Amino acid sequence: MKRERLSVLGNEPVGPYTLLRVERGGLDPGIPGQFFMLESPGWLLPRPMSLCLAPAGELGFLIDPIGPGTRALCAARPGDEIGVLGPLGNGFERRAKPLLVGGGIGVAPFPYLSEWLDEPPALLGFRSDWHAEASALVPNAEVVLEPTYVTERMPSGYDVLACGPEPMLEAVRKLAPDAQLAWEAPMACGFGACYGCVVEIGGKLKRLCVEGPVLSSRAEAPFATSRPRA
């Protein structure tokens with residue numbers, strides 16, 4: 001975990017979302033599924049964001065501008081500086097036959113995850129064609145649009161790695177008991193001090209910033225936090 005002030009390299013629209021690119025500085029990109037705390041210009045509390053892309057010298061974050069803090073991040077211009085802390089939390093684990101399953105902005109960690117796993121198949125759900133433009137960032141992706149849900153198309157026999165809204169994750173865990181699920185919750189600190197991200201999963205209370213955000217479908221234990229293998 002390390003904090004640096006990094007220069008914004010660009011902001012690019014991806015459907016209704018924004019791909020924020022910042023210089024990497026001395027930060028390690030970590031394992032897919034881990035997250036970074038980004039300080040929104042003009043706002044006190046940082047926002048947790050999964051790493052979307054990690055090309056040489058850069059960190060990329062796919063952001064849904066749904067509030068003043070995220071809108072401020074999406075409005076940052078090249079040359080602006082933002083504080084970045086990370087990587088934080090627990091990421092995904094490599095499995096033998098992976099399938100990425102995502103919904104909406106939950107696809108944010110999948111471009112980096114797909115590269116890390118040598119581009120496995122992905123099943124992505126969106127509410128509209130406009131939102132589905134984000135699927136272009138994920139190789140080998142099959143897209144479904146509402147009213148069809150990803151759980152209606154999930155094939156069997158895969159090791160599922162999922163990220164998306166809570167109702168989708170709950171449905172996935174019923175179909176894939178050993179799935180790895182990336183959960184979401186508001187966070188103020190990102191390292192377990194404030195207890196602002198405590199959620200109940202499987203009857204157990206979890207601080208998602210330190211015990212997650214990636215948990216097994218059975219909500220028994222988080223996965224590794226070591227650096228990704230080359």
Side-chain angles (χ1 to χ4, degrees), residues 1-41 43 46-67 69-92 100 102-120 122 124 126 130-141 143 161-164 182 184 187 190 209 213-214 225 227-230:
M1 181 178 65
K2 187 177 181 182
R3 183 187 181 278
E4 292 191 10
R5 291 197 63 80
L6 303 176
S7 293
V8 172
L9 299 176
N11 261 332
E12 304 161 12
V14 183
Y17 312 122
T18 296
L19 181 62
L20 171 66
R21 298 185 299 109
V22 302
E23 65 180 4
R24 184 179 297 187
L27 297 185
D28 190 308
I31 288 176
Q34 290 185 288
F35 66 95
F36 292 76
M37 298 297 287
L38 276 57
E39 296 177 5
S40 303
W43 293 87
R47 268 57 178 179
M49 297 291 164
S50 298
L51 185 62
C52 179
L53 294 166
E58 296 185 17
L59 300 174
F61 303 92
L62 189 66
I63 301 173
D64 190 2
I66 57 174
T70 49
R71 287 196 293 267
L73 286 170
C74 292
R77 297 180 178 181
D80 290 348
E81 287 192 346
I82 62 174
V84 181
L85 172 70
L88 300 162
N90 296 280
F92 289 102
L100 312 187
I105 193 60
V107 306
F110 283 0
Y112 183 35
L113 177 61
S114 178
E115 179 184 11
W116 192 61
L117 295 174
D118 298 323
E119 301 185 353
L124 311 178
F126 298 94
W130 187 38
H131 292 81
E133 289 182 25
S135 66
L137 299 173
V138 184
N140 298 325
V143 173
L161 300 84
C163 184
E184 295 182 357
M187 297 180 186
C209 65
V214 180
T225 55
R227 295 181 60 181
R229 291 167 284 185

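It should be emphasised that the depicted structure is a prediction, and the values quoted were computed from it without experimental measurement.
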* Would F110 and L124 count as a side chain to side chain contact (heavy atoms under 4.5 Å, CB included) if you check the C-alpha gap in whole Å, the side-chain angles of each, and the deciding distance to 0.1 Å? -> CA-CA 10 Å; F110 283 0; L124 311 178; 3.7 Å; yes
* To do: For E23 and E4, run side chain to side chain contact (heavy atoms under 4.5 Å, CB included): C-alpha distance rounded to whole Å, both residues' side-chain angles, the deciding distance at 0.1 Å, then the answer.
  => CA-CA 10 Å; E23 65 180 4; E4 292 191 10; over 6 Å; no
* To do: With sequence neighbours excluded, tell me which residues meet side chain to side chain contact (heavy atoms under 4.5 Å, CB included) with P48.
  => F35, M37, M187
* Asked: Of all heavy-atom pairs between P120 and S114, which one has the smallest distance, and what is that distance?
  -> CD-O, 3.7 Å
* Can you list the residues that meet the side chain to side chain contact (heavy atoms under 4.5 Å, CB included) rule with E133, with sequence neighbours excluded? -> W130
* Asked: Under the 3.5 angstrom rule, does the side chain of N90 hit a backbone N or O of V214 as a donor-acceptor pair?
  -> no
* **Backbone of P55 reached by a side-chain donor or acceptor of E58 within 3.5 Å** => no
* To do: Grab the two heavy atoms, one from F36 and one from L27, that are nearest each other, plus how far apart they are.
  => CE2-CD1, 4.2 Å
* Asked: Rounded to the nearest 0.5 Å, how far does CG of L38 lie from OG1 of T70?
  -> 11.0 Å
* To do: Could you walk me through whether R21 and L53 pass the side chain to side chain contact (heavy atoms under 4.5 Å, CB included) test, one step at a time?
  => CA-CA 9 Å; R21 298 185 299 109; L53 294 166; over 6 Å; no
* **Interatomic distance, N11 atom CG to T18 atom OG1 [nearest 0.5 angstrom]** => 6.0 Å
* Asked: If you round to the nearest 0.5 Å, how far is NZ of K2 from CG of D28?
  -> 10.0 Å
* To do: Might you point out which heavy atoms bring G89 and Q34 nearest each other, and give the distance in Å?
  => O-NE2, 2.9 Å
* **Minimal non-hydrogen separation, S40 against L73, with atom names** => OG-CG, 3.5 Å
* All side chain to side chain contact (heavy atoms under 4.5 Å, CB included) counterparts of N140, not counting sequence neighbours -> E119
* **Nearest-0.5 Å distance, CD1 of residue I63 to OG of residue S50** => 11.0 Å
* Just wondering, do P32 and P109 contact through their side chains at under 4.5 Å, heavy atoms? -> no
* Please confirm whether the backbone N or O of R5 pairs with a side-chain atom of E81, one donor and one acceptor, at under 3.5 Å? => no
* Tell me, do L85 and P46 make a side-chain contact under 4.5 Å, heavy atoms counted? -> no
* Asked: Distance from D64 atom CG to C74 atom SG, nearest 0.5 Å?
  -> 8.0 Å
* How many angstroms lie between atom CG of L59 and atom CG of L51, to the nearest 0.5 angstrom? -> 5.5 Å
* Between E184 and C163, which heavy-atom pair has the shortest distance, and what is it? -> OE2-SG, 4.5 Å
* **Shortest non-hydrogen separation from P65 to Y17 and the atoms involved** => CD-CA, 4.4 Å
* **Side-chain heavy-atom pair L137, V107 within 4.5 angstrom cut-off** => no
* How far apart are the C-alpha atoms of F92 and L117, what are their side-chain angles, what is the distance that settles it, and do they pass the side chain to side chain contact (heavy atoms under 4.5 Å, CB included) test? -> CA-CA 10 Å; F92 289 102; L117 295 174; over 6 Å; no
